[in-house]
2 protein chains.
Amino acid sequence: MKVIKNPPAADWAALCQRPTASFEDILPNIRNIFQTVQQEGDRALQAYTLQFDQVKIDQIKVTEQKISEAAVQLSEDLKQAISIAYQNIRTFHEAQRTETVDVETQTGVRCWQEKYPIEKVGLYIPGGTAPLFSTVLMLAIPAQVAGCREIVLCSPPQNNGQIAPEVLYTAALCGVTKIFMVGGAQAIAAMSLGTASVPKVDKIFGPGNQYVTAAKQYASQGRVAIDMPAGPSEVLIAVDASADPSFVAADLLSQAEHGVDSQVLLVTTAAAAIPAIEKALTQQLAALKRKDIAAVALENSSIICFDSHQTAIAFINTYAPEHYIINVENTAEYVAGVRHAGSVFVGPFTPESAGDYASGTNHTLPTNGFARQYSGVNLDSFQKAITFQEITPEGIQNLGPAVEAMAQAEGLDAHKNAVSVRLKSLS
Amino acid sequence: MKVIKNPPAADWAALCQRPTASFEDILPNIRNIFQTVQQEGDRALQAYTLQFDQVKIDQIKVTEQKISEAAVQLSEDLKQAISIAYQNIRTFHEAQRTETVDVETQTGVRCWQEKYPIEKVGLYIPGGTAPLFSTVLMLAIPAQVAGCREIVLCSPPQNNGQIAPEVLYTAALCGVTKIFMVGGAQAIAAMSLGTASVPKVDKIFGPGNQYVTAAKQYASQGRVAIDMPAGPSEVLIAVDASADPSFVAADLLSQAEHGVDSQVLLVTTAAAAIPAIEKALTQQLAALKRKDIAAVALENSSIICFDSHQTAIAFINTYAPEHYIINVENTAEYVAGVRHAGSVFVGPFTPESAGDYASGTNHTLPTNGFARQYSGVNLDSFQKAITFQEITPEGIQNLGPAVEAMAQAEGLDAHKNAVSVRLKSLS
């Protein structure tokens, strides 16, 4: 890791720069996939799965039997762990329910706001070597709590031509209503457009490679809503002299092992403690299965030292990290300073992995500085707010003249007249 | 208006179809404008304003003096009306504040969620013949309530080379921090990229023509967030035999006068009452300033009759109207049936214009069926939620084994190790 001491504020923007992904060059491919899925439906999904995943699938929809068989393939320990995670995530997302907002803004003018579930949601779960059942928990539980009627899950087949049993088991546990073995941009196209097998959904969630991300962006242009723009995962760890170097090293590595493009930043007010962290990093790295990936990610990563906590906090808000670990003595100062972050891990015994899996918070979070303007996935991501108003005869007499004056000033006399005819009927 | 009786469900999708806008043909223009603004900054904004608005602007930023002069140009009546609207809108949006969500999901595992204002927001207010100061209220008040630090407003000059005093006055009232006289796609580019005058913002709100809408979509690809996809305004009015025909006609016209592409639908369970509504329409239309526009919009509009309320309600949810007026005797049944709508107007004395201006609800709402998955603008549109977690030594001992098991099953051993080093330190 590069070490940078007291960078001046003028350098912060460059230090906070992430690799920018442009999808312009793959957009023609994406458009083509959408067109083909539109025209050929399930046949296109089968053809793309053969082409991209080298798997011939006869039936895209995973059968009830396959799903119930998955349970026996998981160890009791893992099922128990998933059950603990399920409970915690469910508890935290249920606590996010809001009451109806209901106010009389003026006598006789009642306004209220009510949340409704988004009816049909699509969850994308990437394939690859590791079965990402934790992402199933993070997306399906809030969908279930919100009361979404149709919860569709798409995931590509693994090399063995199957979806991992961990994914199937977790999906069933979380009330996913339909599971389809299809991945990539073609899965996003299927959920955006609908095919004979795959229902058209209202909103698509979940991570994926550059094709999936580009397809979600493309789909969001006038077809469906999406959770948020996606980019490589990131962690920023703030430490001082009090931090245990082995904890810090372990947290850095748990982000670095995600991929060679993982973004890892260490911000410290204790330059003297850096060698001990570097030593722990070297030791722990050697023992990792994914050490080659983690090593590359670390090479692109930086340790940034600041003399003052205030400057460190200001820099951290400029970076707007997806994951932000606060491992300092005075956590209160850092917590109070938070302005832009996805999810924050407070104190020495709160590793990011706790939130990645089981503490209760969501792990689908804004990357690439988008924590400035986007929330991580939460209960509201699966709901929409509808407003209502009801005005009594007395209410329209109170409010009407103001509406008439404003409509007239905007030159919209039919707007004015909709009030006037009512006032006239009351006089 | 066309009259359609008891359309079978198979025809509903076609009846619910809105004109689809594709921006693919104007996208090269938009990309070009963004590039020019990126390279030439304020000079580009001045050149585009001369080209598109035929106005030469020396200074893009509206001066404090101009803003304070605006107040004297408004009548006391109008200022009084704006003040009533301001109070009601502020009351309803303040009531949308949520408490911190704070739960202990397991002993020693505390998770909480806190809302933060989006720091810098950009509001776009279209120009044209009518000064849309009501949209200033609808966007700037929730921004002010949320506590956004920078509230930027862009609006093109009118023919007289100025922004309307109503817009300037309302902006000042609502705490807008900077006003710029620039419109169109170049204004969206300026707020997305930043220039010497115009700050780069985090999220852009507001309506506009097809260039503004396409520019917002383009900007939302990896630069800024936007409020929602935009389309022509719509109303669906549900009536039965109890509805006063003059109220219904006035409500239909108040939507139709917006533009020739306005979407107006009347759903009725009382076919016998249609002639009276048509008669009232003809009478009221003749008296309107914008009758030519309204007449065209009405020609493209339909009256749909259903024998049963249940079928009417099911159809209305299929349409997912932006504005939904319920003018029937049994309003409770229709309110209970709402699944997808932007804003709902309940009862005979609740015209859409009340909510357009002053009842308290927001008028920036999802069109084109997007009420299925998007909320209208509300307080949360100007906030983001950040989650936190803090785990005690006891907490990590409770939770840790589950995290270890799950990380191992996903093949991420550095994730597991971040827990293991902590558990080891405690044993």
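Throughout, protein chains are lettered first and strands after them, A, B, ... in sequence-line order, and every chain is numbered starting at 1. What's counted below: heavy atoms across the whole structure, side chains too, no hydrogens, waters or symmetry copies.
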(request) May I ask you to decide whether A/D251 forms a salt bridge with B/R422, counting only side-chain N to carboxylate O separations under 4.0 Å? (result) yes

(request) Run the salt-bridge test on B/E24 and A/R31 with the 4.0 Å N-O cut-off and return the result as yes or no. (result) yes

(message) Set out, in order, the CA-CA distance, both residues' side-chain angles and the distance that settles side-chain hydrogen bond (donor to acceptor under 3.5 Å, both in side chains) for A/H340 and B/E119, then state yes or no.
(response) CA-CA 9 Å; A/H340 315 295; B/E119 203 170 86; 3.2 Å; yes

Taking side chain as everything from C-beta outward and backbone as N, CA, C, O, which of these in [X] sits under 4.5 Å from a heavy atom of chain A? Side chain, backbone, both or neither.
{"X": "B/A287", "answer": "backbone"}
{"X": "B/S75", "answer": "neither"}
{"X": "B/L426", "answer": "side chain"}
{"X": "B/P393", "answer": "both"}
{"X": "B/L253", "answer": "both"}

So what's closer than 4.5 Å to chain B heavy atoms on [X]: side chain, backbone, both or neither?
{"X": "A/Q284", "result": "side chain"}
{"X": "A/I293", "result": "neither"}
{"X": "A/N88", "result": "both"}

(request) Ignoring hydrogens and angles, tell me if any N or O in the side chain of B/Q373 forms a donor-acceptor pair with the backbone of A/D202 under 3.5 Å. (result) yes

(message) Run the side-chain hydrogen bond (donor to acceptor under 3.5 Å, both in side chains) test against A/D380 and tell me which residues pass, sequence neighbours left out.
(response) A/K115, A/Q383

(request) Say whether A/T361 and B/Q389, considering side chains only, have a donor N or O and an acceptor N or O under 3.5 Å apart. (result) yes

(request) Answer with yes or no whether the side chains of B/T387 and A/S343 bring together a donor and an acceptor at under 3.5 Å. (result) yes

(request) Calculate, to the nearest 0.5 Å, the distance between atoms CG and CG belonging to A/N417 and B/L288 respectively. (result) 6.5 Å

(request) Could you tell me which residues satisfy salt bridge (charged side-chain N to carboxylate O under 4.0 Å, His left out) with A/D102, sequence neighbours excluded, listed by chain and number? (result) A/R110

(request) Output, in order, the C-alpha distance, side-chain angles, deciding distance and verdict of side-chain contact (heavy atoms from CB on, under 4.5 Å) for A/T98 and B/E99. (result) CA-CA 9 Å; A/T98 49; B/E99 299 289 307; over 6 Å; no

(message) Would B/E394 and A/F349 count as a side-chain contact (heavy atoms from CB on, under 4.5 Å) here? Give the steps.
(response) CA-CA 9 Å; B/E394 188 193 354; A/F349 290 98; over 6 Å; no

